[in-house]
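This one's a predicted model, so the numbers in the text were calculated from it and none came from an experiment. Just so you know, these numbers use all the heavy atoms, side chains as well, and skip hydrogens, waters and symmetry mates. Convention: sequence-line order gives letters A, B, ...; per-chain numbering from 1.
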Number of protein chains: 2
Amino acid sequence: MTTMAGRATIREVADAAGVSRQTVSNSLIHPERVKGPTLERVRRVIDELGYRPSNAAQSLRSQRTGAVGFELNATGSATRNAVSFPFVLALSERAPAHNGHIVTFGTTSEHPLLSGYEDMVRSQLVDAFILADTHEGDPRPDWLDGARIPYAAFGRLWGRPELTSWADVDGAHGLRIATEHLLAQGYSTVGFLGWPAGSQVGDDRRRGWAAVHEDRSMPLGPEAMAVQDLGAATAAAGPLLDQVGRGGAIACASDMFALGVERAAAARGWRSGTDIGICGFDASVIAEIESLTSVALPLYEIADHLLGLLQDRLGGAPPPAAGLLVEPGLTIRSSSTR
Amino acid sequence: MTTMAGRATIREVADAAGVSRQTVSNSLIHPERVKGPTLERVRRVIDELGYRPSNAAQSLRSQRTGAVGFELNATGSATRNAVSFPFVLALSERAPAHNGHIVTFGTTSEHPLLSGYEDMVRSQLVDAFILADTHEGDPRPDWLDGARIPYAAFGRLWGRPELTSWADVDGAHGLRIATEHLLAQGYSTVGFLGWPAGSQVGDDRRRGWAAVHEDRSMPLGPEAMAVQDLGAATAAAGPLLDQVGRGGAIACASDMFALGVERAAAARGWRSGTDIGICGFDASVIAEIESLTSVALPLYEIADHLLGLLQDRLGGAPPPAAGLLVEPGLTIRSSSTR
DNA sequence: TGCCACAACTTGATCGTTCAAACTCACCCT
DNA sequence: AGGGTGAGTTTGAACGATCAAGTTGTGGCA
């Protein structure tokens, strides 16, 4: 393949190979329609000229760009962003396998959010969107549905059971395996630190922790609640440590909470892992730096599902029958090994 | 603007307004060529139909997509990624102001890196690239130059003074303002925790810290070196704390180091801010969570410069005379306020 | 030999936009 | 009145790909 600035067009390849444009096109898309020797000749020329079909021309013809939009949000909390980044990464890596690519955009004040989404579709910049950080009362799913703009969400669309274009982490399962892991490591009691009851994500995670106790006919361990803030988490962790005692463990609904538990434990001279087991949720950069065991989000599976879903919808398929819950794994580090 | 799935084309607008395609096109790009009443009529119809020019058609015509590629790297350390995310965000937000948008891609093993870059340009998926995490001996700048593919780098191209398509944070200035801030806060001595000598980024930052002392004819404070790892940072911070003593401060070359200092200080019962001043570098999520004062990267200025640079190069302009150093600011938090 | 079927390949038209060239017409000057 | 000027607008062509419809040629069979 030669390295030259001017890109080769299908016509140049056709001329060089002594065939027509269509034969070149067929060689790439429907090779079975081209006779052996011809196919080989065309392929050699394609290789020599470094020909790649123009995405712009293909988009114009097919009325499909292959691009999926993803909004990056500056206003998200540090914790949210800690998940957003690995997720864009997963999307970007998996997109080619779905014949697409990812276009990121930020919400600047100039665009009143939703019309910005519409503009991107109207101008054929993207075919569809992937939403993250969907929250209860999020106007985007409804609005996009109304505008007939395809989308798929990372995160359950909690208030709207009829909207099924989503994939999410099975939070209950995450806390289940976290709790089971801590018990298997020999920690005496497993407490839970999460958000105040009523948060759907939080309640879901707590359910997994509680379920393990029920399965084993064990009395429920101690629990505490805090808002998503290091100070609050550390403060709430204190009493919890008293209850589980040295040799116990705490499963947390987020890495921030796990960090708080670690700080509280360190303050009383307890070493994480040895004196107290700790497990976080998200396996974010925080957990990595602090060497905290954490529930690892199955971001690649989720990215694959969402991208596949969009591809199907763009191909005319009806919405899926239901959303998809994906089971997370566990990244084990020193905070849960004695 | 009506909300309908089918996008309006320029022809539909032209017909509805009783003018030709070209007049519609002119109304958007060269309004001065269109007579007042006609212009108004066309604009009204555009608004009514919600017309937006097709990016695909424009790209085909102009041989320019407006897309800038940015590689997201899974292999980067947690710290690197902590900067990457806010940077993609800045790029995504600023791109529209430069008539462009950002396409992210991951380096999957299927593509041998560099040819992946070339493929994206050949297939007209992107016009140019923005590079981050450029390191000494990075093959990309040279290779892209050779392939005549426009790029702009976030980070000096250290080994190659003849390559000028970059913008970087003025690290010396960052440590200068950090050191000055700590002294102004009344901390007695300001030490420095950085990477082992020889790292160009590290030496640059250290220079700013040293310069403040020289300016004020003060003896240089104590310093220590460590690798970019929390354990190493905490270990190196211990002796440094002994040297600056309670009431002193430490300016760090990264947030990870600052966190290490905080851990070491906490271990001896010193409260950050009150007993010891701490300042990090990057103002990353780590600093935010731990409430650490930190040097804040001017990511939006850098994004603007790089995007503008690419736009110029695509317009045929020669490479810039020199790279650009942008002065960072300071995000002041409790770790440097008594 | 004549006809059909089918494989292999080519040609024309189209996607939506913009540049360049052509056209129209009111206006001015001689 | 005739011709030139120029503002305002229209038309044709092109960007590069693919679908649909056309053409060519080979082989089989009656």
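Rounded to the nearest 0.5 angstrom, A:E12 CD and A:Y51 OH are separated by 10.0 Å. The structure places CG of B:L324 at 11.0 Å from OG1 of B:T164, a figure rounded to the nearest 0.5 Å.
In this structure, B:R122 contributes its side chain and A:G50 its backbone to a donor-acceptor pair below 3.5 Å. The backbone N or O of A:R21 lies less than 3.5 Å from no partner atom in the side chain of A:S25, so there is not a single donor-acceptor pair.
Taking the screw axis at each terminus of the helix from C:dT1-D:dA30 to C:dT30-D:dA1 from five consecutive base pairs, the angle between the two is 70° to within rounding of 10 degrees.
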Review point. For every nucleotide of nucleotides 13-20 of chain C, 5' to 3': is a protein heavy atom under 4.0 Å from its base (B), only from its sugar-phosphate (S), or from neither (-)?
Key: BBBBBBBB
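Judged as a salt bridge (charged side-chain N to carboxylate O under 4.0 Å, His left out), and not counting sequence neighbours, the contacts of B:R160 are B:D142, B:E162. In this structure B:E301 satisfies the salt bridge (charged side-chain N to carboxylate O under 4.0 Å, His left out) test with no other residue, sequence neighbours excluded. Listed by chain and residue number, A:F105, A:Y117 satisfy the ring pair (Phe, Tyr, Trp, His ring centres under 6.0 Å) test with A:F129 (two or more places apart in sequence, or in another chain).
Spacing between atom NZ of B:K35 and atom C1' of D:dG6 amounts to 13 Å, rounded to whole angstrom units.
Between A:S59 and the phosphate of D:dA17, there is no side-chain N or O to OP1/OP2 separation shorter than 4.0 Å.
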N/O donor-acceptor pairs under 3.5 Å from side chains in residues 60-70 of chain B, not counting sequence neighbours:
{"unit_1": "B:S62", "atom_1": "OG", "unit_2": "B:Q58", "atom_2": "O", "d": "2.8"}
{"unit_1": "B:S62", "atom_1": "OG", "unit_2": "B:R64", "atom_2": "N", "d": "3.3"}
{"unit_1": "B:S62", "atom_1": "OG", "unit_2": "B:R64", "atom_2": "O", "d": "3.3"}
{"unit_1": "B:R64", "atom_1": "NH1", "unit_2": "B:L314", "atom_2": "O", "d": "3.1"}
{"unit_1": "B:R64", "atom_1": "NH2", "unit_2": "B:L314", "atom_2": "O", "d": "3.2"}
{"unit_1": "B:T65", "atom_1": "OG1", "unit_2": "B:A67", "atom_2": "N", "d": "2.9"}
{"unit_1": "B:T65", "atom_1": "OG1", "unit_2": "B:D127", "atom_2": "OD1", "d": "3.3"}

